[in-house]
S.K.: 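I have a structure I would like to understand better, so I am pasting it below and will then ask my questions one at a time.
Just so we're on the same page: letters track the sequence lines, and every chain starts at 1.
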Amino acid sequence: MLDPKLLRQALDETAERLRIRGFNLDVDAIRSLESQRKEVQVATEQLQAERNQHAKAIGEARSRGEDIQPLLNQDSTLDERLTTGKQQLQQLQVALNEQLMAIPNLPDESVLAGTSEDDNLEVRRWGELPAFSFTPNDHVDLAAPSGLMNFEQAAKIAGARFVTLRGALARLHRALAQFMLDLHTGEHGYEEVNVPCIVNRVSLEGTGQLPKFEKDLFKLIDDRDFYLAPTAEVPVTNLLRNEIVAAEQLPIHYVCHSLCFRSEAGASGKDTRGMIRHHQFEKVELVQWVRPADSWQALETLTGHAEQILQKLGLAYRVVTLCGGDLGFAAAKTYDLEVWLPGQQKYREVSSCSNFLDFQARRIQTRWRNPDTGKPEFLHTLNGSGLAIGRTLIAVLENYQQEDGNVRLPKVLAPYMGGDTLLKFNAV
RNA sequence: GGAGAGGUGGCUGAGUGGUCGAAAGCGCUCCCCUGCUAAGGGAGUAUGGGUUAAAAGCCCAUCGAGGGUUCGAAUCCCUCCCUCUCCGCCA
């Protein structure tokens, strides 16, 4: 949520900056609601003050033993006017809040205008693209014939956009998660957390998935407002809801391995092959809470933590800055990490690292006590995938495939694979 | 599933219809005293919002959430959420 003061004091400038991300702020509607709100609120609070004074006077009179009957009969219309005022005020505040909750974060000044991923700006590349003496397969042709990766089975159990893994491939999937967790906890200073993958509406509103993106989520048929979490960002960021964090505890770095569920409602026909875009996948997520002054530096280091995974796995990738139009609802700036997939001859996203500034913290009410002011102030939140496990698995398979159809595994994974450095598909 | 207890400020914890935004303690800040790896005394210390160019001041709201009763609700009534204890069941 943006600071409501922006809508009162700098509405036009705010609208201008939101245009960078293609968001059209209804300036007139907000201005009108805001001026009504001001008028009604001032009047209503005045009436409330009158009522309070009156009730207090009765109390005082009674404690002096005076007759309170004349006072009781005094105000016949106050009650009615107050009730009307309160109702009007609430309606206006609800309307304003609806507007406010639907406004995305302001893009950082370094973010360029643009409408799609084609307008994203490449920042850097790492690693050399693998050279093959044969035509590399994609992960489906590579793994599916062995049966260790099976889309038909998953379709039987659930439907399209699911997969089953078996044997060494299932183990490799687990190994990647373990490797990522160990690196982030062991070398990058994150504390591991384990959280529910069912979340309620309030949590989703807090991180910005709701109210606008309900269609992307799986909602449980249940009267308890349950949704499947689309990313650990939701439960983990909400861990500190309504908390005031002591300055000494900052920064807070959590890492979480979790299941993620997405309806992919707007992606029909897109990435239908393989396990690029599934309804269920696993991800290791990095989440940080930092002092406001530190968040831009934190975005760089967090992105670096995610990059470390790719570097240690020896996977070539590039970093892009998302353009305004590609930016997520709550993010002020996002770096995507895109790993090279030889099977597609493309870079594909495996991580998205964002600085949300105080946008989520304001919705979730996560603050710290600033020693300089003595006051509670909103923290800044950041998060990034470190990394998406399914897509990393694909990248390992495609980049390390050999002519015989087997896959040589990066050395860093050997301890998690029982010492094996070769994944055999054609020996099954 | 059955029975019970409870949700109050940064924390602990009083408060069952009126000067209660809330005792006391802890913690924290400042001052004094002491002259020492201790203790004592005093003062201050919730959050959000409105008004304002801003501040001060003033006003409004907030004692899990939402309704209700009342001139007036932390306190009474209703609904919901959450936590804890015991029994049963169970991964």
S.K.: Decide yes or no for A:Glu264 and A:Asp271: does some side-chain heavy atom of the first lie under 4.5 Å from some side-chain heavy atom of the second?
M.R.: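 Side-chain contact under 4.5 Å: no.
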
S.K.: Quick one, A:Leu172 and A:Val407 - any side-chain contact, counting heavy atoms below 4.5 Å?
M.R.: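 A side-chain contact is absent here, since even the closest heavy-atom pair is not under 4.5 Å.
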
S.K.: Side-chain N or O of A:Lys56 versus OP1/OP2 of B:G72: is the shortest distance under 4.0 Å?
M.R.: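 Indeed not, no polar side-chain atom of A:Lys56 lies that close.
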
S.K.: With hydrogens left out and only the distance checked, is there a donor-acceptor pair under 3.5 Å joining A:Glu45's side chain and the base of B:G49?
M.R.: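 Pair found.
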
S.K.: Which part of the nucleic acid does A:Arg367 contact within heavy-atom distance under 4.0 Å: base, sugar-phosphate only, or nothing?
M.R.: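 It contacts sugar-phosphate atoms only.
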
S.K.: Taking a pair as Watson-Crick or G-U wobble with both distances under 3.5 Å, which nucleotide is matched to B:A22?
M.R.: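 None - no nucleotide pairs with B:A22, as no candidate has both distances under 3.5 Å.
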
S.K.: Side chain of A:Pro376 only, please: which of B:U51, B:U47, B:C60 is the nearest?
M.R.: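 That would be B:U47.
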
S.K.: NA contact type, A:Glu60, heavy-atom cut-off 4.0 Å: base, sugar-phosphate, or nothing?
M.R.: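 Answer is base: heavy atoms of A:Glu60 come under 4.0 Å of a base.
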
S.K.: When you measure from the side chain of A:Glu39 to the backbone N and O of A:Gln36, does any donor-acceptor pair fall under 3.5 Å?
M.R.: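 No; zero donor-acceptor contacts below 3.5 Å.
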
S.K.: Any donor-acceptor pair under 3.5 Å linking the side chain of A:Arg262 with the backbone of A:Arg277?
M.R.: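 No: the side chain of A:Arg262 does not pair with the backbone of A:Arg277.
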
S.K.: Once you apply the 3.5 Å cut-off to both distances, tell me the Watson-Crick or G-U wobble partner of B:A65, or none.
M.R.: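 Check on B:A65: paired to B:U79, both distances under 3.5 Å.
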
S.K.: NA contact type, A:Arg37, heavy-atom cut-off 4.0 Å: base, sugar-phosphate, or nothing?
M.R.: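 Here A:Arg37 touches the backbone only, sparing every base.
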
S.K.: Starting at atom CZ of A:Arg241, determine the distance to atom C1' of B:C82, rounded to an integer number of angstrom.
M.R.: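 Result: 12 Å.
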
S.K.: Name the nucleic acid region contacted by A:Arg369, choosing base, sugar-phosphate or nothing; use a 4.0 angstrom heavy-atom cut-off, strictly under.
M.R.: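 Counting heavy atoms under 4.0 Å across all strands, the contact made by A:Arg369 is with sugar-phosphate only.
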
